[in-house]
A.B. asks: 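I am attaching a structure below and will ask some questions about it afterwards.
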There are 2 protein chains.
Amino acid sequence: MGAQSFSEQFSDKDMRMTKQRKWVYEVFSESEVPLSAEKIYRTLINEEKSISLSTIYRILRFFTTKGVITRGATTDHHKAVYELRRTEHKHHLVCVGCEKVVAVNNCPVQSYQESLQKSTRFDITEHRLAFFGYCPDCQGGRESKKNK
Amino acid sequence: MGAQSFSEQFSDKDMRMTKQRKWVYEVFSESEVPLSAEKIYRTLINEEKSISLSTIYRILRFFTTKGVITRGATTDHHKAVYELRRTEHKHHLVCVGCEKVVAVNNCPVQSYQESLQKSTRFDITEHRLAFFGYCPDCQGGRESKKNK
DNA sequence: TTCTATGCAAAAATTTTGCAATCGT
DNA sequence: ACGATTGCAAAATTTTTGCATAGAA
């Protein structure tokens, strides 16, 4: 949905198309929320796909330098999380009670970004925005039903 | 400057006012940008203040649960970064070339947040927004003069 | 074939924890 | 004095790296 297919994005000659890279890419494109290395690892292992964690870290760095993913607003304890740089971009609404993450489709800062670009002379390539609070289930009680 | 003084914020009875907590708080209030545990540690050690890194991690967690600070959009390699929850809130513009961080004072999402709160029924307590790109010095050459 | 990417295991970096001693109230 | 907080050192967790092998072009 908006994210191009793996082979469309990676016609680069210096980018080999391995099954591990394809798997990691697929996990990202099927996720609405940012993912940690370990989460990706567990997802793939669950799908009977054999891959090593260090390979995932290397792919994460590789995708990051290629601009395919970015490190997102960190939500998963102390692990770093990443997400696809989709063409239509998304933001997130995170419940600090149960850590549920909901995707927000609108982007209220696009035009602001343009004016900021002019006033600061930065060449702004992206932004990240996330909202935090309590979801309907966690209000009142403020209970913490971690769904980790 | 928006951030209240240490003793103003912490009149709580279950919050002891130790010098370590005061130091860490001061480091935050003198910084315009998010900080990692190690950065705080080095800052304090440089000022001849004796503190241990594990104490800083504990204070970070303590301040977070008290709502004094929050984990910010991560910029410092793989370390977690935190920033004060000031009353007048700020966002950041980060250069991905040299890692310079500039504070942005406007907030273009306040009213959007209110409508999001209605449509999602979340009780939204905060948001984080950061912009990324190349500062004037790092444009063109795209050189990376890390000022770490 | 050639050169890059992977897997494994070991290392490095970051964060957390147990326990005795210290400090704030 | 009492109970919470600190420092130290050790443990746990997360991320990176070296090297031999496998795999893509």
Side-chain angles (χ1 to χ4, degrees), chain A residues 6-7 9-27 34-45 47-66 68-72 74-82 99 146 148, chain B residues 6-7 9-27 34-45 47-66 68-72 74-82 99 146 148:
Chain A
F6 187 78
S7 39
Q9 280 219 330
F10 306 140
S11 39
D12 248 319
K13 42 197 82 236
D14 62 330
M15 162 171 260
R16 293 198 177 172
M17 170 119 97
T18 67
K19 58 185 184 215
Q20 289 87 343
R21 286 177 178 174
K22 194 181 291 199
W23 292 340
V24 171
Y25 185 83
E26 282 165 4
V27 173
L35 301 168
S36 65
E38 225 225 312
K39 182 83 184 212
I40 295 166
Y41 179 71
R42 286 200 313 242
T43 303
L44 288 174
I45 295 301
E47 297 175 356
E48 319 267 272
K49 279 160 185 146
S50 164
I51 192 172
S52 95
L53 192 51
S54 61
T55 298
I56 292 185
Y57 276 107
R58 281 193 273 233
I59 291 177
L60 252 20
R61 190 161 17 164
F62 179 77
F63 280 0
T64 302
T65 62
K66 291 291 176 187
V68 176
I69 59 176
T70 45
R71 299 187 68 200
T74 135
T75 61
D76 191 354
H77 198 52
H78 272 130
K79 302 188 192 89
V81 293
Y82 299 79
E99 295 192 353
K146 304 245 174 196
K148 212 187 159 176
Chain B
F6 187 78
S7 39
Q9 280 220 330
F10 306 139
S11 38
D12 248 320
K13 42 197 84 240
D14 63 329
M15 162 172 258
R16 292 198 176 173
M17 171 118 99
T18 66
K19 55 184 187 221
Q20 289 86 343
R21 285 178 179 174
K22 194 181 289 199
W23 293 340
V24 171
Y25 185 83
E26 283 166 4
V27 173
L35 301 168
S36 65
E38 225 226 311
K39 182 84 183 213
I40 295 167
Y41 178 71
R42 287 201 312 243
T43 303
L44 288 173
I45 294 302
E47 298 175 357
E48 319 266 275
K49 280 162 185 145
S50 164
I51 192 172
S52 95
L53 192 51
S54 61
T55 297
I56 292 184
Y57 276 107
R58 279 192 275 233
I59 292 177
L60 252 20
R61 193 165 11 168
F62 179 78
F63 280 1
T64 302
T65 62
K66 292 291 175 187
V68 178
I69 59 174
T70 46
R71 300 187 67 201
T74 136
T75 60
D76 192 355
H77 197 53
H78 272 130
K79 301 187 193 90
V81 294
Y82 298 79
E99 296 192 354
K146 304 244 174 198
K148 225 196 142 161

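Predicted, not measured: the structure shown is a model, and the values here were computed from it. Letters A, B, ... mirror the listed sequences (proteins, then strands); counts begin at 1.
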A.B. asks: Using the side-chain heavy atoms of A:Ile59, tell me which of these nucleotides is nearest: C:dT6, C:dT15, C:dG24.
C.D. replies: C:dT6

A.B. asks: So what is the end-to-end bend of the helix from C:dT1-D:dA25 to C:dT25-D:dA1, with 5 pairs used at each end and the value given to 10 degrees?
C.D. replies: 50°

A.B. asks: Whole angstroms only, please: what is the CZ-P distance between A:Phe62 and D:dT16?
C.D. replies: 16 Å

A.B. asks: In this structure, how many angstroms lie between the P atom of C:dT25 and the CZ atom of B:Arg21, rounded?
C.D. replies: 10 Å

A.B. asks: Could you give me the CA-CA distance, side-chain angles and deciding distance for B:Glu26 and B:Lys22, then say whether salt bridge (charged side-chain N to carboxylate O under 4.0 Å, His left out) is met?
C.D. replies: CA-CA 6 Å; B:Glu26 283 166 4; B:Lys22 194 181 289 199; 6.0 Å; no

A.B. asks: Counting distance alone, no hydrogens or angles: does the base of C:dT25 have a donor or acceptor under 3.5 Å from a partner atom on the side chain of B:Arg16?
C.D. replies: no

A.B. asks: How long is the line joining CH2 of B:Trp23 and P of C:dG24, in whole Å?
C.D. replies: 10 Å

A.B. asks: The criterion is side-chain contact (heavy atoms from CB on, under 4.5 Å); which residues satisfy it with B:Glu47, sequence neighbours excluded?
C.D. replies: B:Thr43, B:Leu44, B:Lys49

A.B. asks: Please state how far atom CE in A:Met17 lies from atom P in C:dT6, giving the value in whole angstrom units.
C.D. replies: 13 Å

A.B. asks: With side chains defined as the heavy atoms from C-beta onward, is the minimum distance between B:Ile51 and B:Val24 less than 4.5 Å?
C.D. replies: yes

A.B. asks: Measuring from atom CG of A:Leu53 to atom CD1 of A:Ile40, what distance do you get when rounded to the nearest 0.5 angstrom?
C.D. replies: 9.5 Å

A.B. asks: Mind checking what makes side-chain contact (heavy atoms from CB on, under 4.5 Å) contact with A:Ser54, not counting sequence neighbours?
C.D. replies: A:Ser52, A:Arg58

A.B. asks: Which atoms of nucleotides 8-11 of chain C (N or O only) lie under 3.5 Å from a protein N or O atom, and what are those distances?
C.D. replies:
| unit_1 | atom_1 | unit_2 | atom_2 | d |
| --- | --- | --- | --- | --- |
| C:dC8 | N4 | A:Ser54 | OG | 3.1 |
| C:dC8 | N4 | A:Arg58 | NH2 | 3.4 |

A.B. asks: Name the residue closer to the 5' end of DNA chain D, choosing between A:Arg61 and A:Lys19 according to the nucleotide with the nearest heavy atom.
C.D. replies: A:Arg61

A.B. asks: Please report the shortest heavy-atom distance between B:Trp23 and B:Ser50, naming the atom on each side.
C.D. replies: CZ3-O, 3.2 Å

A.B. asks: Please state whether the phosphate of D:dG23, meaning OP1 or OP2, lies under 4.0 angstrom from any side-chain nitrogen or oxygen of A:Gln20.
C.D. replies: no

A.B. asks: So do the side chains of A:Val68 and A:Thr64 get within less than 4.5 Å of each other, counting heavy atoms only?
C.D. replies: no

A.B. asks: Tell me: CD of B:Glu38 to C1' of D:dT15, nearest whole Å?
C.D. replies: 15 Å

A.B. asks: Between C:dT16 and B:Tyr57, is there an OP1 or OP2 to side-chain N/O distance shorter than 4.0 Å?
C.D. replies: no

A.B. asks: Taking all heavy atoms of A:Leu60 and all of A:Ile69, pick out the closest pair and write down the distance.
C.D. replies: O-CD1, 3.6 Å

A.B. asks: When the distance from CD1 of B:Ile56 to P of C:dT16 is rounded to whole Å, what number comes out?
C.D. replies: 13 Å

A.B. asks: Between B:Ile45 (CD1) and D:dG7 (P), how many Å, whole number?
C.D. replies: 9 Å

A.B. asks: To check you understand the geometry: which heavy-atom pair defines the closest contact between B:Arg16 and B:Arg21, and what is its length?
C.D. replies: O-NH1, 3.0 Å

A.B. asks: Between D:dT14 atom P and A:Leu35 atom CG, what is the distance in whole Å?
C.D. replies: 15 Å

